[in-house]
Amino acid sequence: MKFEYDVIVIGAGHAGCEAAAAAANLGAKTCLMTIDMNKIAQMSCNPAIGGIAKGQIVREIDALGGYMGIITDKAAIQFRMLNRSKGPAMWSPRAQCDRMKFSLLWRETLENIPNLHMWQDVATELIVEDGKAVGVRTQLGAEFRATCTVITAGTFLNGLMHVGKVMIEGGRVAEPAAKGLTESITRHGIRSDRMKTGTPVRLDKRSINLELTERQDGENDFHRFSYKKTKRELTQRPCWMCYTNPEVHETLRSGLDESPLYNGQIQSIGPRYCPSIETKIVTFAERDKHLLFLEPEGEDTQEIYVNGFSSSLPMEVQLTALRKIPALKDAVAYRPGYAIEYDFFDPTQLNHTLESKVVENLYFAGQVNGTTGYEEAAGQGLMAGINAALKIAGKEPFTLKRDEAYIGVLIDDLVTKGVDEPYRMFTSRAEYRILLREDDADMRLTKKSHAIGLADDERYEAVCRKERQTQELTTFIEGFSIKPNLINEALEKMGTAPLTHGCKLISLIERPQVGIMEISQYIKALGDRLEKLGDDKEEIAEATEIQIKYKGYIERERELAEKTNRLENIRIKGKFNYSELQSLSTEARQKLTAIDPETLAQASRIPGVSPSDINVLLILAQK
């Protein structure tokens with residue numbers, strides 16, 4: 001049988017779901033193909049969304065018109081804003097989710113998007129004609145034809161799981177690996193390699209002595225992932241904390257000769273920033289304890305995820321070690337942790353649209369690009385789906401710069417620098433993180449998305465209203481005068497110096513100890529103005545306060561970004577034969593030839609290309 005579509009998306013993980021939804025919402029007839037329709041948007045590892053820098057990505061996905069933020073809010077069983085003790089550039093939302101309800105909500109969402117169909121099958125062969133991807137063939141013998149194909153296969157490409165010496169083929173526990181697709185892609189000149197990731201043991205909560213742990217509750221203020229202020233409907237649940245100890249570490253060390261990571265069974269590289277417990281005890285041998293989080297997998301289930309104890313050691317070693325922790329003395333497991341190896345494709349072979357430079361109309365997104373994490377995958381999927389649909393419609397591509405979004409930083413890092421280990425986003429990767437805060441992703445991105453037809457009118461009108469209300473509140477604060485006798489008592493309660501003479505209200509808001517919501521209790525005119533904002537008052541107050549307190553930093557970073565963007569406007573792709581430019585270093589010639597950057601700014605971010613190399617290219621470009 002033959003099936004005809006505009007866009008085919010292979011894999012219904014977090015990247016695939018966002019890609020398919022975006023393409024369909026932009027008018028492309030889309031098919032989402034998955035091995036198991038009951039595992040759509042499965043949270044393969046941690047049942048949580050967000051975290052440091054990852055939470056910012058989810059806010060950006062939502063601002064652009066994606067669905068991860070909406071579904072996370074609906075499925076959340078605990079919400080927290082991380083890094084509150086630091087500045088707002090570091091604030092990062094994170095939510096524990098009900099794993100099964102998260103997947104069900106995604107399926108319900110996808111099934112009700114016009115132009116979007118789903119098909120349960122395994123893609124085994126990429127069809128390429130005249131240098132263009134034109135579809136796939138499947139295990140069931142079907143042929144799917146499409147103008148654009150998006151590969152979002154996650155860890156399924158030749159997936160191999162490890163538990164001690166036991167090796168099982170699969171893309172996830174109890175799910176088959178996808179075979180044949182990698183080989184059908186690489187035969188067209190696209191380079192692939194292997195990576196490794198892992199997941200921890202799952203425990204029965206009834207077997208845990210929670211009295212010997214430290215309870216961690218969530219927060220329930222106005223913060224959400226979605227700017228649509230989606231209601232958290234599920235019962236909120238706590239997490240618990242405990243620590244490993246020297247006995248745990250000794251037990252783990254006793255099994256290292258059977259560890260696939262240390263006996264040569266696993267050759268590929270795992271994530272540096274989410275190491276297995278066996279890697280922790282080897283790398284940080286001087287530490288006598290490591291923090292573990294016991295996280296619920298759902299609103300009602302007894303299943304507990306042991307965050308911090310990812311392992312591929314034999315299951316008897318894993319369980320024996322865990323039972324050395326007092327709270328887990330009688331622990332009963334649902335299943336052991338395991339490692340998984342899988343194929344990925346060198347992302348330097350991609351354009352910033354995530355379209356292949358080698359095979360036209362072929363896009364890659366998610367872990368197949370060497371990343372780790374649901375959020376990084378979803379951000380890529382959204383951008384790949386958008387660009388596939390725009391290309392079909394004959395429209396200009398949609399990309400984001402490094403000063404516009406963490407998604408822009410992520411994609412630029414991938415296509416410019418490549419990966420030698422699973423890539424994870426951090427705030428430190430963004431040189432303009434003061435501009436990329438979680439509070440204003442809507443004001444940064446929604447208008448851009450609305451212009452291409454993805455973010456709907458409701459979102460556009462909401463962000464315009466937010467901008468207007470924020471500016472009106474700022475103007476009021478700048479012009480409102482304060483007298484010492486009316487406010488000094490309140491200032492002392494806030495731990496800040498009293499006034500000796502009158503001043504404008506903005507002078508008080510600029511103080512780190514003074515917040516708009518707190519001080520509005522003592523200034524009736526400010527309180528009345530906030531009340532008129534209704535349910536939006538806390539969001540508008542926070543956005544305004546950040547703009548006031550960090551105005552100098554924001555303006556300085558914007559100036560730096562504008563200077564860098566001048567190099568972004570100098571296009572060099574196709575202008576030079578780098579191998580003939582002897583004034584460049586040998587490494588620069590090799591890297592520039594391999595990556596073929598679009599702009600001078602992108603060239604400057606390639607490892608091995610020095611400032612002197614950039615100066616040479618700048619002079620040549622001006623000529």
Side-chain angles (χ1 to χ4, degrees), residues 18 22 53-54 56-66 89 347-348 350-355 357 363 365 369 371 375-376 378-388 390-391 395-418 423 425-452 454-455 463 553-573 592 595-607 609 614 617-618 621:
E18 292 289 2
K54 294 168 175 281
Q56 284 89 324
I57 291 176
V58 181
R59 294 279 271 173
E60 291 173 355
I61 290 168
D62 185 75
L64 290 165
T348 63
L350 303 175
N351 295 308
H352 278 76
T353 60
L354 297 180
E355 183 180 13
K357 295 177 180 177
Y363 295 76
N369 286 339
T371 62
E375 304 83 2
E376 291 91 338
Q380 293 172 68
L382 180 72
M383 297 300 286
I386 288 172
N387 280 299
L390 292 177
K391 184 168 187 180
K395 296 180 180 179
E396 288 295 311
F398 181 74
T399 58
L400 295 169
K401 296 196 287 288
R402 296 181 71 92
D403 63 327
E404 291 177 326
Y406 272 95
I407 294 173
V409 175
L410 165 65
I411 293 175
D412 185 66
D413 278 353
L414 292 175
V415 305
T416 301
K417 302 175 182 178
Y423 180 102
M425 179 54 72
F426 290 101
T427 52
S428 58
R429 294 192 189 274
E431 59 270 46
Y432 307 118
R433 58 181 175 268
I434 295 175
L435 303 180
L436 306 182
R437 306 181 312 278
E438 61 82 29
D439 67 278
D440 74 339
D442 55 344
M443 292 193 280
R444 285 187 276 122
L445 300 174
T446 298
K447 289 183 180 179
K448 293 177 182 292
S449 183
H450 184 263
I452 63 171
L454 185 57
V463 77
Y553 296 102
I554 293 169
E555 289 178 349
R556 184 172 63 187
E557 202 154 271
R558 172 53 59 202
E559 289 174 4
L560 290 172
E562 288 173 355
K563 288 179 181 178
T564 302
N565 283 339
R566 292 169 195 164
L567 294 181
E568 295 284 7
N569 295 326
I570 302 176
R571 305 194 66 79
I572 59 174
K573 187 177 179 68
L592 290 165
I595 295 173
D596 193 16
E598 294 280 345
T599 68
L600 198 56
Q602 185 188 347
S604 71
R605 294 189 290 271
I606 298 173
V609 178
I614 296 301
L617 292 176
L618 179 59

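Residue numbers count from 1 along this sequence.
Looking at heavy atoms from C-beta onward, E438 lies out of side-chain contact with E60 at the 4.5 angstrom threshold. For the pair I411/T399, no side-chain contact is recorded, criterion being any heavy-atom separation below 4.5 Å from C-beta on. Within the 4.5 Å cutoff, no side-chain heavy atoms of F398 are placed close to those of T353. Side chains of E18 and I61 form a contact here, defined as non-hydrogen atoms less than 4.5 Å apart. Residues I57 and I407 meet the side-chain proximity criterion, which asks for heavy atoms closer than 4.5 Å. Between D403 and R558, the closest side-chain pair of non-hydrogen atoms falls below 4.5 Å. With a 4.5 Å cut-off on side-chain heavy atoms, L618 and L600 count as touching.
Residues satisfying the side chain to side chain donor-acceptor pair (under 3.5 Å) test with N351, not counting sequence neighbours, are none. S449 meets the side chain to side chain contact (heavy atoms under 4.5 Å, CB included) test with L64, L454, A455; sequence neighbours excluded. Here D412 pairs with R402, R605 under the salt bridge (charged side-chain N to carboxylate O under 4.0 Å, His left out) rule; sequence neighbours left out. With sequence neighbours left out, the side chain to side chain contact (heavy atoms under 4.5 Å, CB included) criterion links L560 to Y432. Not counting sequence neighbours, the partners of L592 by the side chain to side chain contact (heavy atoms under 4.5 Å, CB included) test are Y578, L584, A588, P597, A603, I606, V609, L617. Partners of R556 under the side chain to side chain donor-acceptor pair (under 3.5 Å) rule, at least two apart in sequence or in another chain, do not exist in this structure. Here K447 pairs with E467 under the salt bridge (charged side-chain N to carboxylate O under 4.0 Å, His left out) rule; sequence neighbours left out. The salt bridge (charged side-chain N to carboxylate O under 4.0 Å, His left out) check on K448 picks up E404, with sequence neighbours excluded. Take H450 and apply the ring-ring contact (aromatic ring centres under 6.0 Å, His included) test, not counting sequence neighbours, and it matches Y460. Residues forming a side chain to side chain donor-acceptor pair (under 3.5 Å) with Q380 (at least two apart in sequence, or on another chain): N369, T371. Residues forming a salt bridge (charged side-chain N to carboxylate O under 4.0 Å, His left out) with R433 (at least two apart in sequence, or on another chain): none. Considering only residues two or more places apart in sequence or on other chains, R429 meets the side chain to side chain contact (heavy atoms under 4.5 Å, CB included) condition with Y273, V409, D413, Y423, M425, F426.
Between T427 and A89, the closest heavy-atom pair is CG2-O, 4.2 Å. The heavy-atom pair separating A53 from Y406 by the smallest distance is CB-CE2, 4.1 Å. Across L354 and A365, no two heavy atoms sit closer than the pair CD1-CB, 4.5 Å. The shortest heavy-atom contact between A63 and L445 is CB-CB, 4.2 Å. Between G66 and L382 the shortest heavy-atom distance is CA-CD1, 4.2 Å. The minimum heavy-atom distance between P347 and G418, with the atom names listed, is CG-CA, 4.1 Å.
Salt bridge annotation for E568-K401: absent, with no cationic side-chain nitrogen under 4.0 angstrom from a carboxylate oxygen. Salt bridge R437/D439: present, at least one basic N to carboxylate O contact under 4.0 Å.
Formation of a donor-acceptor pair under 3.5 Å by the D440 side chain with backbone atoms of L436 is not found in this model. Although no hydrogens or angles enter the test, the distance criterion places no donor-acceptor pair under 3.5 Å between the side chain of T599 and the main chain of R571. Panel note: side chain K357, backbone I595; a donor-acceptor pair is recorded below 3.5 Å.
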Q: Start with the C-alpha distance between D62 and R59, add both sets of side-chain angles, then the distance that settles salt bridge (Lys or Arg N to Asp or Glu O under 4.0 Å), and finish with yes or no.
A: CA-CA 5 Å; D62 185 75; R59 294 279 271 173; 5.8 Å; no
Q: Apply the test side-chain contact (heavy atoms from CB on, under 4.5 Å) to residues I452 and I386: give CA-CA distance (whole Å), side-chain angles for both, the deciding distance (0.1 Å), then the verdict.
A: CA-CA 9 Å; I452 63 171; I386 288 172; 3.6 Å; yes
Q.
Between K573 and D596, does the salt bridge (Lys or Arg N to Asp or Glu O under 4.0 Å) criterion hold? Intermediate values first, please.
A. CA-CA 6 Å; K573 187 177 179 68; D596 193 16; 3.0 Å; yes
Q: Run the numbers on L435 and I554 for side-chain contact (heavy atoms from CB on, under 4.5 Å), then give the verdict.
A: CA-CA 6 Å; L435 303 180; I554 293 169; 4.0 Å; yes
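Here NZ of K417 is found 11.0 Å from CD of Q602. Values are rounded to the nearest 0.5 Å. Taking OG1 from T564 and CD from E559, the interatomic distance works out to 12.0 Å, rounded to the nearest 0.5 Å. Taken to the nearest 0.5 Å, the CD atom of E376 stands 9.5 Å off from the CG atom of L414.
The environment of CD in E396 is sparse: at most 12 heavy-atom neighbours from other residues, nucleotides or ligands sit within 6.0 Å.
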